[in-house]
Amino acid sequence: MTSSASLHAMRTPLWLVGGIAGFALSIIPLAAVMAQDRFETPFTVEETGQGFATLQQAVDAIGDGEGTIVVASGNWRQCAVQSAGVITYKGAVPGEALLGGTACEGKALLVLRGRGARVEGMVLADVRVADGNGAGIRLEQGPLHVSQSWFRDSQQGILTVNGVDSELVVDKSTFTRLGTCENSAGCAHSIYAGDYGSVTITRSRFEQGRGGHYFKSRAARNVVVDNSFDDSRGRGTNYMIDLPNGGSGEIRDNWFVQGEDKENWSALIAIGAENPQYSADGLLIEGNDARLAPGLGRSPAFVADWTGDDLVIRGNSLGTGLKSYERR
């Protein structure tokens with residue numbers, strides 16, 4: 001059983017943990033700080049020192065090249081579409097640079113379809129659109145690496161299209177109060193990846209979901225390692241991990257707590273529930289810790305499997321009521 005004190009500790013966003021002041025000083029060069037002072041604008045292209053009043057202007061200035069946009073501390077109600085180039089979006093001080101409340105193309109705060117992108121130390125929040133898929137990031141093309149970032153209070157955190165030759169990587173990030181099933185287009189999730197080649201989620205936290213799944217991926221390979229899925233304050237949520245197309249990879253060393261308010265409490269991890277087009281042979285599910293929130297008397301499956309493939313399930317610590325495996 002997890003104590004209330006430990007649950008409170010786990011609710012702290014991961015980007016706040018461990019020497020944030022020193023980290024912030026190490027990632028933002030002096031030239032970028034001086035540029036912000038000189039131009040007094042919220043968005044600075046680090047390589048040139050040029051400042052811009054809008055995020056879209058900074059994106060357009062990089063164009064099909066490569067560059068880093070440093071976002072000043074503050075609550076910027078702006079969004080941008082990246083159609084070319086390789087761009088890093090970086091908070092000047094991790095956790096203090098917020099994009100929120102508006103969606104470009106009716107999709108997301110950042111709509112990414114360039115040659116690649118990185119998002120570091122950002123907060124992306126408060127996005128809602130008519131079709132129920134308002135996201136912090138809409139990934140439409142190219143690889144994306146996200147680190148030290150917080151996605152909160154939107155319909156989706158990260159949403160991708162299909163892109164079988166690409167990858168999504170998320171590390172040390174937090175996903176809070178995301179997801180919804182209040183829409184005719186279907187459910188939204190904290191992270192939803194289409195058939196995007198490979199998805200890797202490490203050292204991140206999912207909490208207080210508001211519908212849908214915490215992590216849903218149709219990718220051929222998924223690596224989910226050293227994360228926490230705290231559903232104790234979730235509302236109307238479903239699976240914590242849903243791999244509806246099957247697929248290879250590993251789900252290892254994660255921490256799970258299933259809460260009371262569920263749309264579907266029958267399983268924590270679902271494999272191949274819709275269209276198992278990729279073999280799940282060898283998919284490793286190992287070293288995880290899973291529990292029910294205090295006071296619950298149900299018996300969900302830790303892993304529910306629709307594929308019949310040769311999953312490798314071993315060394316998991318399961319609390320009272322949880323069944324290790326269920327074939328469906």
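Everything numeric here is computed off the predicted structure, so don't read it as measured data.
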When you check the side-chain N and O atoms of T202 and D171, is any donor under 3.5 Å from an acceptor?
yes
Would the distance check show the side chain of R233 and the main-chain N or O of E207 forming a donor-acceptor pair, the cut-off being under 3.5 Å?
no
Which heavy atom of T68 sits nearest a heavy atom of E47, and at what distance?
N-OE1, 2.9 Å
Looking only at side chains, do Y192 and R218 share a donor and an acceptor under 3.5 Å apart?
yes
Quick one about S147 and E120 (side-chain donor to acceptor, distance below 3.5 Å, no hydrogens or angles considered), yes or no?
no
What do you reckon, is CD of E260 surrounded by more than 12 foreign heavy atoms closer than 6.0 Å?
no
For S266 and R328, does a side-chain donor sit closer than 3.5 Å to a side-chain acceptor?
yes
Among V45, T41, T44, find the one that has a side chain to side chain contact (heavy atoms under 4.5 Å, CB included) with F52.
V45
Looking only at side chains, do S317 and R291 share a donor and an acceptor under 3.5 Å apart?
yes
Given D126, which of R77, R177, R152 fulfils the salt bridge (charged side-chain N to carboxylate O under 4.0 Å, His left out) condition?
R152
So, does N227 use its side chain to make a donor-acceptor pair with the main chain of R203 at under 3.5 Å?
yes
Check whether any side-chain N or O of D231 sits under 3.5 Å from a backbone N or O of V257 as a donor-acceptor pair, and report yes or no.
no
Check: F256 ring centroid to F302 ring centroid under 6.0 Å
yes
At their closest point, which heavy atom of K216 faces which heavy atom of P244, and how far apart are they?
CE-CG, 3.8 Å
Using every non-hydrogen atom in the two residues, find where W76 and V71 come nearest and quote the distance to one decimal.
CD1-CG1, 3.7 Å
Kindly assign one of parallel, tilted or perpendicular to the pair F206 and Y214, based on the angle between their ring planes and the thresholds 30° and 60°.
perpendicular
Do H145 and E167 get their side chains close enough for a donor-acceptor pair, meaning under 3.5 Å?
yes
Consider only side-chain N and O atoms of S228 and D230, and report whether a donor and an acceptor are under 3.5 Å apart.
no
For Q155 and V129, indicate whether the former's side chain and the latter's backbone hold a donor-acceptor pair under 3.5 Å.
yes
Keeping the roles fixed (side chain from N316, backbone from G287), state whether a donor-acceptor pair exists under 3.5 Å.
yes
So, the side chain of S154 versus the backbone of V127: is there a donor-acceptor pair under 3.5 Å, distance only?
yes
Please check this pair: side chain of N183 against backbone of D131, looking for a donor-acceptor N/O pair closer than 3.5 Å.
yes
